[in-house]
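Numbered from 1 within each chain, the chains take letters A, B, ... in sequence-line order. Quick caveat: nothing in here was measured; it's all calculated off a predicted structure.
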Amino acid sequence: MTERTYSISDLSREFDVTARAIRFYEDKDLIQPMREGQRRIYTARDRVRLKLILRGKRLGFSLSEIKDILDLYDTDMGESRQLELLLDKIEERRRALEAHRRDIDLTLAEMDDLERQCRENLKERAGAD
DNA sequence: TTTCTCACA
DNA sequence: TGTGAGAA
């Protein structure tokens with residue numbers, strides 16, 4: 001069985017990212033497609049990596065964090081360590097999001113206060129007029 | 001169509 | 001973390 005390969009436009013269509021972005025990930029060493037002359041040839045494995053990159057991005061990981069995780073994919077005894085690193089990253093990311101949520105809640109509470117004051121002020125003015 | 005590079009946010 | 005343009 002001969003393995004399927006993909007062109008850069010195949011993948012950009014499938015995952016709805018620009019070819020530019022895919023080349024950009026390569027430039028950052030997140031993917032290493034083969035070459036056929038100048039052209040990039042993506043294997044099923046490259047395709048999986050791209051899928052993982054995009055998932056990582058959705059979760060808010062930086063490209064370098066994604067690279068750290070992806071690199072363990074290639075390592076011999078990497079399986080468990082990859083999962084452990086991923087767990088670390090998830091925990092870290094979760095903390096960051098929770099901190100962000102607290103900030104947002106504080107800001108919303110302040111806005112409630114301010115809004116209340118504005119409304120009271122309006123009422124007083126209406127009475128004074 | 002795809003590549004590369006330079007500039008730009 | 002990408003994009004756009006221009007030339008090959």
Side-chain angles (χ1 to χ4, degrees):
Chain A
M1 207 203 38
T2 163
E3 196 176 271
R4 233 219 105 152
T5 60
Y6 307 84
S7 71
I8 197 163
S9 47
D10 289 338
L11 293 185
S12 79
R13 263 193 304 274
E14 179 175 358
F15 295 111
D16 199 31
V17 284
T18 62
R20 290 288 260 97
I22 297 175
R23 285 187 214 105
F24 181 76
Y25 300 147
E26 178 182 348
D27 196 52
K28 299 299 172 192
D29 289 326
L30 277 88
I31 332 181
Q32 300 91 25
M34 304 178 305
R35 295 300 181 122
E36 193 170 75
Q38 282 269 80
R39 303 253 144 114
R40 290 168 173 82
I41 305 294
Y42 298 86
T43 62
R45 178 175 166 279
D46 295 322
R47 187 172 159 278
V48 167
R49 287 178 75 95
L50 179 58
K51 194 183 291 193
L52 293 175
I53 291 167
L54 298 175
R55 172 179 293 170
K57 273 170 47 63
R58 266 183 269 118
L59 297 179
F61 295 118
S62 70
L63 291 185
S64 75
E65 285 176 316
I66 295 168
K67 175 174 159 47
D68 290 342
I69 296 164
L70 245 33
D71 282 350
L72 289 180
Y73 215 76
D74 304 328
T75 313
D76 26 352
M77 273 302 293
E79 189 86 5
S80 296
R81 270 195 288 166
Q82 181 183 30
L83 294 174
E84 284 163 13
L85 176 62
L86 182 53
L87 284 175
D88 285 349
K89 293 291 184 189
I90 287 172
E91 193 179 331
E92 194 183 324
R93 180 66 186 144
R94 186 187 298 279
R95 281 193 217 289
L97 284 174
E98 282 167 351
H100 193 183
R101 180 162 62 189
R102 283 193 293 278
D103 282 347
I104 289 173
D105 286 343
L106 284 175
T107 303
L108 285 172
E110 270 187 62
M111 291 182 75
D112 283 346
D113 264 6
L114 184 56
E115 190 176 359
R116 230 173 269 125
Q117 284 173 38
C118 288
R119 293 194 190 289
E120 277 173 28
N121 229 309
L122 266 182
K123 276 185 201 165
E124 284 169 25
R125 281 167 185 279
D129 283 340

Using a cut-off of strictly less than 4.0 Å, decide whether K28(A) has a side-chain nitrogen or oxygen near OP1 or OP2 of dG2(C). no
To the nearest Å, how far apart are R23(A) CZ and dT2(B) P? 8 Å
Basic-acidic side-chain contact under 4.0 Å: R35(A), E26(A): yes
Atom-pair distance (CZ on R58(A); P on dT1(C)), nearest Å: 16 Å
Whole-Å distance separating the CD1 atom of I22(A) from the P atom of dT3(B): 10 Å
NZ of K67(A) versus C1' of dT1(C): gap in Å, rounded? 16 Å
Ignoring hydrogens and geometry beyond distance, is the side chain of R39(A) in donor-acceptor contact with the base of dT3(B) at under 3.5 Å? no
How many Å lie between CD1 on I31(A) and P on dT1(C), as a whole number? 14 Å
Just N and O in the side chain of Y25(A): are any of them under 4.0 Å from OP1 or OP2 of dG2(C)? yes
Under 4.5 Å between any side-chain heavy atoms of F15(A) and R47(A), yes or no? yes
Of the candidates dT1(B), dT3(B), dT1(C), the side chain of S9(A) sits closest to dT1(B)
With the side chain of R40(A) defined as its heavy atoms from C-beta on, choose the nearest nucleotide among dT3(B), dT1(B), dG2(C). dT3(B)
Side-chain contact check for T18(A): nearest option of dG2(C), dT3(C), dC4(B) is dT3(C)
Identify every side-chain donor-acceptor pair in residues 99-109 of chain A under 3.5 Å, counting partners at least two apart or on other chains, and give the distances.
from    : atom 1 : to      : atom 2 : distance (Å)
T107(A) : OG1    : D103(A) : O      : 2.9

If you only use heavy atoms from C-beta on, which nucleotide in dT1(B), dT3(B), dT1(C) is closest to the side chain of I8(A)? dT3(B)
What's the CD-P distance between E26(A) and dT2(B), to the nearest Å? 14 Å
If you look at every heavy atom in Q32(A) and D46(A), which pair is closest and at what distance? O-OD1, 3.9 Å
For residues I90(A) and L70(A): do they belong to one hydrophobic cluster (side chain heavy atoms under 4.5 Å, members Ile, Leu, Val, Met, Phe, Trp, Tyr)? yes
Write down the distance between CG (L59(A)) and P (dT1(C)), rounded to a whole number of angstrom. 14 Å
To the nearest angstrom, the CD-P distance between Q38(A) and dA8(C) comes to 14 Å
